[in-house]
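These notes concern the structure reproduced below.
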Amino acid sequence: MNYRHAFHAGNFADVVKHVALALCLDRLNAKEAPYRYIDTHAGVGRYDLTSDEALRSPEWRDGVARVWEAERSAPNAVRAALAPWLNIIRGMNSGGLRDYPGSPLLAAELMRQQDALRLCELHPESAAALRLAMGRDKRVKIEERDGYEALPAYLPPPERRGLVLIDPPFEEGTSVRKLDFEWMAGAALKAVKRWPGGTYIFWRPIKDIEAVEAFDGELVSLLIEQGGIAPEKLLVADLWVREIGQGPLSGAGVVIVNPPFGVADHLRAALPWLSNLMDQTPDEQESTGAGWRLETPAPAEPS
Ligand SMILES: C[S@@+](CC[C@H](N)C(=O)[O-])C[C@H]1O[C@@H](n2cnc3c(N)ncnc32)[C@H](O)[C@@H]1O
């Protein structure tokens, strides 16, 4: 297991995921009643953008750094959509962009005193770093274990309100990558059977559009046919920064189950602006390869 999120923290794929996550949590905050956030693949919590890993990798410069620079001149609807996520980042970085909050820290910053966080991180070094970053927060419990395996025991949460983020590494060029798709679909079905009312965010990379569409079709069929989720309770939000299939990672996005009210409208405002801003189409190419989609996904065709 070699994956280190520090090389990718704050890249375009994190931006899409974290904007969606922050919008969902912001809506959960609209009611006083407590809720729970469960992160099956938590990472280290806080990423130093001046670390060796971040400096060796330019990914965050083409992701969060572009948003940081351009957001103040964005249309109001875009600014409103980005606000829950970006306000946390601005709050952590008064002297200029240096620190990037991973999903658990972003969640902790957005959540209230009455809420709870459950975080799983399998990698021992990353789990230790996560404990260092967030272990003193009384709302937080961290487990160094397989998040897929742990998830069923967390559901349904005692508060009966909340959100589950499933954000595995999908390691490039390893068989684990394919397994992550399988594990994710299996975990999704088990989870919604135990707790159909929860909000779930499943992140997945888009390198090969056919593979992602096959995965989404299968996931959606499982959720609807076996999990009892109504089709209109599903939302796919994707963004790609160059033609899909070109370069290292061209696109990424999330499948959201039970998106809170208003989240789809905010994403519809933000995605076109973000894809244009984070466009990484090679110079020699005439037209942009960047794009986005927001849709209610269709189940796989029966074979
Ligand atoms: C994509 S990163 C998570 C990023 C984080 N969710 C964020 O948005 O800031 C995936 C993390 O999952 C960890 N991991 C890999 N397999 C795991 C498993 N089976 N259970 C829990 N954590 C795992 C990796 O060590 C890595 O830190």
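No experiment lies behind these values; they were computed from the predicted model shown. Order of appearance sets the numbers: ligands from 1, and atoms from 1 within every ligand.
With atom 11 (C) of ligand 1 as the reference point, the heavy atom nearest to it among E143, E149, E121, H5 is part of E121. Residue nearest to atom 5 (C) of ligand 1, selected from A129, A187, S103, A150: S103 (by heavy-atom distance).
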| said: Is there a side-chain hydrogen bond (donor to acceptor under 3.5 Å, both in side chains) between Q114 and E32? Walk through the geometry before answering. | reply: CA-CA 9 Å; Q114 66 267 41; E32 259 317 290; 3.3 Å; yes

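Residue contact annotation: H18 has a non-hydrogen atom under 4.0 Å from ligand 1.
Salt bridge annotation for R131-E144: present, with a cationic side-chain nitrogen under 4.0 angstrom from a carboxylate oxygen.
The shortest heavy-atom contact between P196 and I229 is O-CD1, 3.7 Å. What you find for Y200 and A191 is that their closest heavy atoms are OH-O, 3.2 Å. In terms of heavy atoms, D238 sits closest to V254 at OD1-N, 3.8 Å. P104 and G45 get closest at one heavy-atom pair: CG-CA, 4.0 Å.
Side chain of T288 to backbone of R242: no donor-acceptor contact under 3.5 angstrom is found. In this structure, R112 contributes its side chain and A33 its backbone to a donor-acceptor pair below 3.5 Å.
Close contacts of ligand 1 with R145, meaning ligand atoms under 4.0 Å from a residue heavy atom, involve 20 (N), 21 (C). For ligand 1, the atoms lying closer than 4.0 Å to a non-hydrogen atom of H123 are 25 (O). Heavy-atom proximity to T40, at under 4.0 Å, picks out these atoms of ligand 1: 20 (N), 21 (C), 22 (N). Numbered from 1 in the order shown, with element, the atoms of ligand 1 that lie under 4.0 Å from a heavy atom of K17 read 7 (C), 8 (O). Which parts of ligand 1 touch A42 is read off a 4.0 Å heavy-atom cut-off, strictly below it: atoms 5 (C), 6 (N). Heavy-atom contacts of G102 reach the following atoms of ligand 1: 9 (O) (cutoff under 4.0 Å). Atoms of ligand 1 found under 4.0 Å from any heavy atom of L122 (numbered from 1 in listed order, with element): 17 (C), 18 (C), 19 (N), 20 (N), 21 (C), 22 (N), 23 (C). The atoms of ligand 1 that sit less than 4.0 Å from any heavy atom of G43 are 27 (O).
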Donor-acceptor pairs under 3.5 angstrom involving side-chain atoms of residues 81-97: please list them, not counting sequence neighbours.
| from | atom 1 | to | atom 2 | distance (Å) |
| --- | --- | --- | --- | --- |
| W85 | NE1 | Y100 | OH | 3.3 |
| N87 | ND2 | A83 | O | 3.3 |
| R90 | NH2 | W68 | O | 3.2 |
| R90 | NH2 | E71 | OE1 | 2.9 |
| N93 | OD1 | R98 | N | 2.8 |
| N93 | OD1 | D99 | N | 2.7 |
| N93 | ND2 | I89 | O | 2.9 |
| N93 | ND2 | D99 | O | 2.8 |

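Any N or O atom pair closer than 3.5 Å counts here, and H41 shares at least one such pair with ligand 1. In terms of polar-atom proximity, D14 is not counted as a contact of ligand 1, lacking any N or O under 3.5 Å from an N or O of the ligand. For a threshold of 3.5 Å applied to N or O pairs, the pair formed by D167 and ligand 1 contains at least one separation below that value. Annotation: G147 places an N or O atom under 3.5 Å from an N or O atom of ligand 1; distance criterion only.
In terms of the side chain to side chain donor-acceptor pair (under 3.5 Å) criterion, Q226 has no residue partners (sequence neighbours excluded).
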